[in-house]
Structure formats: structure tokens, C-alpha cells
Amino acid sequence: MIGLSEFLPPRPEASWKLIRQVGVDDVVGVLNGAEQDQRMFASVGAGGWRADDRDEVPWSEAALKHNIETYDDHGFTLVALEDTAPIDKARLGLDGRDEQIDHVITQIRAMGRLGVPTLAYNWMALSSWGRTDVAVADRGGAYVTAYDRAVAQSRAPLVQPGEVTPEQMWAALEYFLAAVVPVAEEAGVRLAMHPDDPPQQIDRNLPRIMSSAGAFRRLLSLHPSPNNGMTFCQGNFALMPEVLDGATSIPELIREFGTAGIPFVHFRDVKGTPDSFRETFHDAGQTDMPACMEAYHEIGFEGPMRPDHVPTLAGEPNTRPGYETLGRLFAIGYIRGLEQSVYGHPASRR
Ligand SMILES: O=C(O)[C@@H](O)[C@@H](O)[C@H](O)[C@H](O)CO
């Protein structure tokens with residue numbers, strides 16, 4: 001079976017009871033006050049959530065143990081992290097990167113000791129996922145997020161034109177992997193690179209190198225290891241050139257990368273192109289989701305899979321675009337149904 005999971009910060013909320021009631025016990029977490037916890041909603045101009053004021057280093061073993069205990073107190077098991085210390089100097093290959101890489105190494109060793117086997121990270125320097133609208137009316141008036149490249153690129157630049165090159169970011173990634181993959185191997189932690197979102201070649205003058213299937217083939221070849229893998233975020237792979245031009249498909253990429261390359265899945269969908277798209281309900285996008293689930297079953301995937309972004313439904317504040325509660329319940333039910341139709345119902349499994 002897949003490890004159906006949900007993305008929750010280490011701060012209990014009323015929604016946690018609903019997530020348990022719809023049958024999800026596994027959690028993908030952030031680190032209280034770390035880079036993604038602080039950056040992800042600001043990146044789309046939303047209020048999001050606020051970190052607790054804690055007297056602990058977010059990526060320390062003590063902080064991670066605190067988070068695990070918090071999840072455990074509510075019946076959840078932390079199965080992956082999708083957060084690190086700030087690593088922009090590492091992403092850009094700048095002075096000070098070794099200290100940032102040391103923080104990641106500290107976190108990986110703590111994850112190994114505390115039994116958290118997967119670490120998702122991304123190479124979107126100075127930013128995170130990007131959207132130009134977080135309240136586009138979709139089915140029944142539900143809000144989804146959307147992206148328009150012309151609007152996005154009219155905003156303030158992240159760097160000056162040519163200030164950072166793709167080669168610089170690839171060299172920085174190779175340096176990062178050389179430092180952290182051996183530690184991950186020793187700790188029993190699988191690294192899972194998330195695609196640039198959206199998968200643009202360049203964003204406000206800054207290269208985005210993890211924006212094609214070819215880039216992920218290069219990632220795996222840069223440092224071959226069972227601990228150097230990817231977060232197979234379907235919504236982003238669906239917008240990559242090789243999928244849009246028909247050279248491959250999401251199910252074919254699932255089979256190509258296999259469980260060796262895919263420790264972790266974001267199971268969501270979109271409509272459009274990387275220059276202009278909206279996110280969708282899981283049953284209404286441009287990807288053959290049943291075919292994807294069949295491909296996961298064929299490769300024997302049984303790792304963490306989460307719904308990722310969901311629409312905001314009636315009555316919800318939309319301060320956490322993509323991450324409100326009611327849409328998660330729909331998505332969880334949809335994924336669980338697909339899973340049991342493909343992997344079999346627990347009652348029928350031998
Ligand atoms: O596809 C995406 O961009 C999402 O997965 C992000 O919202 C991601 O989960 C956050 O930036 C936290 O890593």
C-alpha cells in the first residue's frame with residue numbers, strides 16, 4: 001500500500017482530528033521556524049501559519065524530538081520532513097554555504113537517530129513555489145491557485161540579469177550532494193529533491209534548474225545513490241517540457257525513475273502550461289491519475305504520498321492557499337479510492 005500522508009506543521013490544530021478521521025496517520029512535517037515553515041506561504045503572498053516561539057534550533061535533534069512527540073501525542077507518525085535550515089548560500093554556491101550544509105548534516109543525522117527516513121528539499125533559491133493568483137474561482141466557486149508568467153515576471157527581480165547562471169547552481173548542487181549524500185547513506189535517510197514550482201527555466205532573472213525531466217535524470221547521475229532521489233511532484237512534472245511535448249508521460253516517468261529514484265510523491269494535478277496554469281481538484285486535471293496509481297503499483301511504490309495542494313472550499317479563509325482543510329479531505333478520499341482500486345482492498349490482500 002502507499003503511505004498516504006498529510007503535510008502538517010508541528011503545531012496542533014482542530015483539523016488534525018479530521019485528518020485522522022479520514023484515515024491518515026502519517027505526517028510530512030516542516031521544522032518550526034525553519035526555511036520552508038517561514039517561506040512557503042510568504043512566497044505566494046498569503047498569511048499562512050506562524051511558527052511557535054521556541055527556544056530551540058529548528059533543525060536540532062532536540063527540536064525534531066519535540067516535533068515527533070507533538071505529532072505522536074495526536075496519533076501521527078512523522079515519516080518525512082519537507083524543510084531544512086536556510087540553504088540559499090548552498091543553492092547559489094556562495095561563501096557561508098559550508099555552515100548551511102553543516103546544518104543540513106546535523107538535521108539528517110538527527111533524522112536517522114529518530115527514525116524519520118525521508119527529507120524533501122528544493123533548489124529554488126531566494127523563493128519557493130510561485131503563484132500569481134491564489135483565489136481563482138473553480139468548480140462550484142472553490143478557489144484554486146494559478147500562475148501567469150507575464151504577471152510573475154513583471155514583479156521585482158530576485159537577482160540582476162546574468163548575476164547567477166545555471167552552471168553555477170548545478171555546480172553548487174553537486175557540491176551539496178557530495179557533502180550530504182554520504183551522511184544520508186550512513187543515517188538511512190533518503191533525500192528527495194522537489195521540482196521547481198512552477199518548472200520555469202528562469203524566474204525573475206534567477207535560473208531554475210530543477211524544471212525538466214532531464215534535470216532530474218542529471219540529478220540522479222550527479223551522485224548515484226539510493227539516498228539521492230526526488231519528490232515526484234506530479235503537478236510540476238505535468239508542466240515539464242518532455243511531458244507537454246509528448247516525449248514522455250507521468251506514468252512513464254514513474255516507471256523510468258522507479259522506487260530507486262522516487263522515495264516520496266506529491267499526488268496532485270493542474271491544467272495548463274508552465275507559463276499559464278491553474279491547480280485543480282484531484283479528479284479534474286490534465287493527468288491520467290488512475291494510470292499514475294497503476295504505475296506506482298507496478299514499480300512497487302509504498303512510500304509516503306501526500307495530496308499536496310488542494311482547492312479552498314466554501315467557508316474557508318484561504319489564508320493557506322493549497323493547504324486549507326476541506327479540500328484535503330476530498331483529496332485523501334480520492335487517493336484512497338484509487339489506491340484500493342489498484343493496490344487492492346485490505347480485505348482482499350493476501
Ligand atoms: O509543489 C509545491 O510547490 C509544494 O509541494 C510546495 O507547497 C511545498 O510543499 C512547500 O514549498 C513546502 O516544501
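From a predicted model like this one, the values you see are computed outputs, not experimental measurements.
By the 6.0 Å contact criterion, CG on D245 is enclosed, its count of non-hydrogen atoms from other residues, nucleotides or ligands being greater than 12. Within 6.0 Å of CD on E13 lie more than 12 heavy atoms contributed by other residues, nucleotides or ligands. For CG of D95, the number of neighbouring non-hydrogen atoms (other residues, nucleotides, ligands) closer than 6.0 Å is 12 at most. Other residues, nucleotides and ligands contribute over 12 non-hydrogen atoms within 6.0 Å of the CD atom of E298.
Within the 4.5 Å cutoff, the side chain of W123 has no heavy atoms near those of the R208 side chain.
No hydrogens or angles considered: a donor-acceptor pair under 3.5 Å links the side chains of S225 and E185. Residues D83 and Q107 bring no donor and acceptor atom of their side chains to less than 3.5 Å of each other. For the residue pair D26/S5, the side-chain donor-acceptor check at 3.5 Å is not satisfied. For the residue pair D148/S276, the side-chain donor-acceptor check at 3.5 Å is not satisfied. Counting only N and O atoms by type, the side chains of N228 and R190 include no donor and acceptor under 3.5 Å apart. Side-chain contact annotation: N67 with R54, donor-acceptor N/O pair under 3.5 Å present. For the residue pair T145 / E279, a side-chain donor-acceptor distance below 3.5 Å is found, with atom types taken as modelled.
Taking the six-membered ring where tryptophan is involved, the planes of H266 and H194 are tilted, since the angle between them lies from 30° to 60°. Classification of the F216-F237 ring pair by plane angle, with boundaries at 30° and 60°, yields tilted. Ring geometry for Y323 versus W49: interplanar angle of 30 to 60°, hence tilted.
With sequence neighbours left out, F330 forms a ring-ring contact (aromatic ring centres under 6.0 Å, His included) with F281. Every residue was checked against the ring-ring contact (aromatic ring centres under 6.0 Å, His included) condition with F267, not counting sequence neighbours, and none meets it.
With respect to the salt-bridge test (charged N to carboxylate O, under 4.0 angstrom), the residues R139 and D283 qualify. Contact check on D138 versus K271 returns no salt bridge, with no Lys/Arg side-chain nitrogen under 4.0 Å from an Asp/Glu carboxylate oxygen. Salt bridge absent: K65 and E56 never bring a charged side-chain N and a carboxylate O closer than 4.0 Å.
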Passes side-chain contact (heavy atoms from CB on, under 4.5 Å), L78 versus L64? Steps please. CA-CA 10 Å; L78 183 65; L64 182 54; 3.8 Å; yes

**Asked** Which is it for F301 and F232 under the ring-ring contact (aromatic ring centres under 6.0 Å, His included) test, yes or no, and what are the steps along the way?
**Response** CA-CA 12 Å; F301 179 79; F232 193 78; 9.5 Å; no

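The one candidate from V164, V159, L158 that meets the side-chain contact (heavy atoms from CB on, under 4.5 Å) condition with N205 is V159.
The OG1 atom of T325 sits 10.5 Å away from the CG atom of L313 when rounded to the nearest 0.5 Å.
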